[in-house]
2 protein chains.
Amino acid sequence: MKTAENKSRALGLRFTKTRRKVLEILWQSHSPLGAYDILDRLQEDSRRPAPMVVYRALDFLIEAGLAHRLSSRNAFIGCSAPEGDHEAQFLICNHCGSAAEVEARPIAKAVEETAASAGFHVHQRVVEITGVCPNCQS
Amino acid sequence: MKTAENKSRALGLRFTKTRRKVLEILWQSHSPLGAYDILDRLQEDSRRPAPMVVYRALDFLIEAGLAHRLSSRNAFIGCSAPEGDHEAQFLICNHCGSAAEVEARPIAKAVEETAASAGFHVHQRVVEITGVCPNCQS
DNA sequence: ATATGTTCTGTTATATCATAACATTTTAAT
DNA sequence: ATTAAAATGTTATGATATAACAGAACATAT
Ligand SMILES: [Zn+2]
Ligand SMILES: [Zn+2]
Ligand SMILES: [Zn+2]
Ligand SMILES: [Zn+2]
């Protein structure tokens with residue numbers, strides 16, 4: 001949470017109450033949450049905010065590298081290693097819904113090299129692997 | 001298109017008019033299309049079908065390996081190498097909207113190894129790289 | 001302290017993407 | 001002809017995401 005404040009300040013932005021609360025909700029969840037799930041949990045504190053409120057907070061958190069979007073699920077997850085920059089990939093379990101954030105250098109490297117050899121200038125990388133996690137294989 | 005008929009038959013399914021038309025639309029487009037874009041183009045032939053029609057056709061085409069979904073765009077694209085099985089990745093240009101399907105063995109390999117070392121049993125892989133394509137860099 | 005520009009919030013409305021459910025038709029095999 | 005599976009048609013609804021604009025909170029510069 002200290003990291004969050006620092007990263008916000010580094011961007012010249014503020015780590016406000018809503019943003020903090022959304023990040024807490026993401027970090028407390030064991031699996032990715034949809035924007036409207038987050039809304040539901042915000043509601044417990046106050047009157048249910050409009051969707052914009054959550055989407056704006058999420059935009060900020062993602063921008064600051066404090067959360068990630070899982071495109072294949074239309075869901076969001078708190079970053080598990082927010083210190084410093086990183087290029088994360090996700091292992092998403094179809095059975096229990098959990099999503100493990102990994103930082104696999106070989107994947108990142110292969111992606112860079114593939115893009116480079118195609119003359120493609122990379123902005124963002126989406127690497128989401130779905131399947132069954134170790135816990136759910138018994 | 002011959003490939004499409006064969007793959008359909010191999011699944012014990014039919015390559016019907018709507019499915020064929022949707023695949024034609026995808027293959028004719030130079031960039032990924034949203035489901036409702038496809039609907040718009042179907043309309044030119046007949047009365048505008050309900051969204052279900054397109055989603056059902058897309059489900060079929062994806063199942064048969066004739067088209068792919070781009071999760072990060074909520075869009076769909078015709079497969080550029082539908083013969084045989086393959087594990088594709090995408091280079092999606094933020095400038096012109098084009099999406100190049102590549103089959104990069106090193107990425108596929110790194111993904112397999114990462115999953116294996118995490119004890120994760122893979123079902124699907126989503127690898128979508130966004131940025132600027134060679135054509136748009138001048 | 002106050003004027004100023006920027007960031008952030010509140011709110012209403014709307015756009016976009018996707019599926020549920022059920023009745024009907026087509027097809028292929030017996 | 002009968003039957004079961006596959007495919008379609010249709011209506012309605014659910015789920016996800018953004019536009020647009022007014023106002024409040026905050027920083028900082030005079
Ligand atoms: Zn992260
Ligand atoms: Zn699991
Ligand atoms: Zn393909
Ligand atoms: Zn381009």
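Here is the naming used below: chain letters follow the sequence lines, and residue numbers restart at 1 for every chain. Just so it is clear, the values below take in all heavy atoms, side chains as well, and ignore hydrogens, waters and symmetry mates.
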* Please tell me which of Asp37(B) and Arg14(A) maps to the more 5' nucleotide of DNA chain C, matching each residue to the nucleotide holding its nearest heavy atom. => Arg14(A)

* **Given Val22(A), Ile62(A), Val54(A), the one that forms side chain to side chain contact (heavy atoms under 4.5 Å, CB included) with Phe76(A)** => Ile62(A)

* In whole angstrom, give the distance that lies between atom CD1 of Ile38(A) and atom P of dA15(D). => 16 Å

* Nucleotides bounding contact with chain B, strand DNA chain C, heavy-atom threshold 4.0 Å -> dC17(C) to dT27(C)

* Check: Cys79(B) main-chain N/O paired with Trp27(B) side-chain donor or acceptor under 3.5 Å -> yes

* Distance, rounded to the nearest Å, where Leu39(A) contributes CG and dA15(D) contributes P -> 13 Å

* Asked: If you group Ile, Leu, Val, Met, Phe, Trp and Tyr by side-chain heavy-atom gaps below 4.5 Å, do Val102(A) and Ile92(A) land in one group?
  -> no

* How about His86(A) and His68(A): are their ring centres within less than 6.0 Å of each other? -> yes

Could you pull out the protein-nucleic contacts involving nucleotides 8-10 of chain D (nitrogen or oxygen on both sides, under 3.5 Å)?
residue, atom, partner, partner atom, Å
dT8(D), OP1, Thr16(B), OG1, 2.7
dG9(D), N7, Arg56(B), NH2, 2.6
dG9(D), O6, Arg56(B), NH1, 3.2
dT10(D), OP2, Arg47(B), NH1, 3.2

* Does dA17(D) have OP1 or OP2 sitting under 4.0 Å from an N or O in the side chain of Asn74(A)? -> yes

* Structure fact -> Heavy-atom closest pair (Ile38(A) atom, Ile25(A) atom, distance to 0.1 Å) is O-CD1, 4.1 Å

* OP1 or OP2 of dA17(D) under 4.0 Å from side-chain N/O of Tyr55(A) -> yes

* **Gln89(A) to Ala104(A) - nearest heavy-atom pair and separation** => OE1-N, 2.7 Å

* Asked: How do Arg73(A) and Phe60(B) order along DNA chain D: which one's closest nucleotide is nearer the 5' end?
  -> Phe60(B)

* Structure fact -> Closest non-hydrogen contact found for Phe15(B) with Glu5(B) is CD2-CG, 3.6 Å

* To do: Could you check Arg69(B) against Glu128(B) for salt bridge (Lys or Arg N to Asp or Glu O under 4.0 Å), going step by step and ending with a plain yes or no?
  => CA-CA 10 Å; Arg69(B) 178 192 180 86; Glu128(B) 298 173 18; over 6 Å; no

* Rounded to the nearest angstrom, tell me the gap between atom CG in Leu13(B) and atom P in dA5(D). => 14 Å

